[in-house]
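Read the structure below first, then the notes.
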Amino acid sequence: MIDLRLLRDDPDLFRASQRARGENESSVDRLLSADEARRSAVQRFEGLRAEQKTLGTEIRQAKGDEKTALLERTKQLAAEVKAAEAAGAEAEDELRQAHLAVANLVEPDAPPGGEDDYIVLKEVGVKPEIADPKDHLALGELLGAIDTPRGAKVSGARFYYLTGIGALLENALLQLGIQQAVENGFIPMVPPVLVKPESMEGTGYLGAHASEVYHLPADDLYLVGTSEVPLAAYHKDEILDLDGPRRYVAWSTCFRREAGSYGKDTRGIIRVHQFNKAEMFVFCAPEEAQAEHKRLLAWEEELLGKLELPYRVIDTAAGDLGSSAARKYDCEAWLPSQGRYREVTSTSNCTTFQARRLNIRHRDAEGKSQTVATLNGTLATTRMLVPLLENHQQPDGSVRVPKALQPFLGGRDLLEPIK
RNA sequence: GGAGGGUUCGCCUAGUGGCCGAGGGCGGCGGUCUUGAAAACCGCUAAGGCAGCGAUGUCUUCCAGGGUUCGAAUCCCUGACCCUCCGCCA
């Protein structure tokens, strides 16, 4: 949710932001009038309620006819108060709906435009020269690392088994990520992956992404598509004592329905219903959010460096931002088999948008409570196996293990085809 | 799945219809005293909305939602969550 005070002061700021996203700016005006309507409803209710309270004390002391007269008056007043309260609740409700409908204020420097209007900030590393590269699935099958037919047999399309060295490799990757984060002061977490509707709503995933989310109707719980959800909700309704950014790194399984992606990335494990991820999540003072965002990006890059992968960093265009994000950077790793870069990490600065929904605050320098900023970023994820296998493949189908991963694989430096 | 108990201000707790947004203890902050500290004593110590330049005023919130009443932390109904016991259990 956006800051209503800022909206009152400068509605054009939000209209411009909505335009940059390619969204309707009428939602801003709807919110403005809902805000106006609520304020007048609240004032009417409060006036009546104050009178009711005053008369209430007078009745206690009154006697005889005087008391009868007062009771007569207050009875009528009680009905008015009730009506005003109902009107207030209705106005409140409309305000909330209108409030939820407005996306976060985009950072002014974010590139305008849609999905294809990203800006490439940099390219890092050297793309390997591989004649006739095998793709990750072919390599995974040679190594006995990935089994998609049996994934489909047991669970359906877009499910897979990681087997043997594949299972070990994923584990190594996530451990490397978590180790790096912990060394940098992150608090490691294993969060729940089933959450209540309010937690899902708080992070904004029941809006435009509702059809992407698995729901368990018998219990009214949702399977999270990212541990961002349980991490953000972790401090719901709390006032934090922050001395610098509060950083968490969570290991979790993620579940995505991938509705509407029929025919896209059907081969291998690029787009799947279930995967694992080490996710960074930060609560910090709003003033620090931009700098922290850069740091999250740097940590993502550091990990890709350790994996010795060629990648580029893109600055996502406003129209391609999630509704909670003010700015988003993606790291895309090079895929030799496709001859292009594919997203492997994504870091978003949600400023105070998420925290306002979840009611998470901290004490500022003057001791006043203030909404915090939240940020998230991918560290390591199952999908990274794809560039890892492809970029480090050898002509015979074996795969070189980057130095940083070797300690997590019992020192192995080469994965060889089984038979 | 069944039976019972519980949910009040950071924590513990008092409070069974108006004097309660709410008392006490602990903790925290400030002060007196002290060379310094401790102890003792004194004071302050929930969040949020609205109006106002401000001082301030006003309203909401005692798990949530409904109800009774002129008036609800307090009475009634529904629900959520927690605890204990029994049953079941990959």
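Everything numeric in this text was worked out from a predicted model, so none of it was measured.
- On the nucleic acid side, RNA chain B has its first and last nucleotide under 4.0 Å of a heavy atom of chain A at B:G18 to B:G71, going 5' to 3'.
- Residues satisfying the salt bridge (charged side-chain N to carboxylate O under 4.0 Å, His left out) test with A:Glu390, not counting sequence neighbours, are none.
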Show which side-chain atoms of residues 79-90 of chain A pair as donor or acceptor with protein atoms under 3.5 Å away, not counting sequence neighbours.
| from | atom 1 | to | atom 2 | distance (Å) |
| --- | --- | --- | --- | --- |
| A:Glu80 | OE2 | A:Gln76 | NE2 | 3.3 |

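- Across all strands shown, B:C86 is found opposite B:G1 as a Watson-Crick or G-U wobble partner, with both distances under 3.5 Å.
- Counting heavy atoms of neighbouring residues, nucleotides and ligands inside a 6.0 Å radius, atom CD of A:Glu287 exceeds 12 of them.
- Residues A:Leu169 and A:Val399 fail the side-chain proximity criterion, which asks for heavy atoms closer than 4.5 Å.
- Residues satisfying the ring-ring contact (aromatic ring centres under 6.0 Å, His included) criterion with A:Trp251, sequence neighbours excluded, are absent altogether.
- Pair assignment for B:C63: B:G79, on the basis of Watson-Crick or G-U wobble contacts that are both within less than 3.5 Å.
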Hey, can you pull the donor-acceptor pairs under 3.5 Å for the side chains in residues 277-286 of chain A, sequence neighbours left out?
| from | atom 1 | to | atom 2 | distance (Å) |
| --- | --- | --- | --- | --- |
| A:Lys277 | NZ | A:Thr226 | OG1 | 2.8 |
| A:Lys277 | NZ | A:Glu279 | OE1 | 2.7 |

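- Ranked by how close their nearest RNA chain B nucleotide is to the 5' end, A:Glu51 and A:Asn359 are led by A:Asn359.
- Side-chain contact check for A:Glu212 and A:Tyr205: no donor-acceptor pair (N or O, by modelled atom type) lies under 3.5 Å.
- Take the nearest nucleotide of RNA chain B for A:Arg49 and for A:Leu71: the residue whose nucleotide is more 5' is A:Arg49.
- The stretch residues 76-94 of chain A touches RNA chain B through A:Ala78, A:Lys82, each having a heavy atom under 4.0 angstrom from the strand.
- In this model, no donor atom of one side chain and acceptor atom of the other lie less than 3.5 Å apart for A:Thr352 and A:Asp3.
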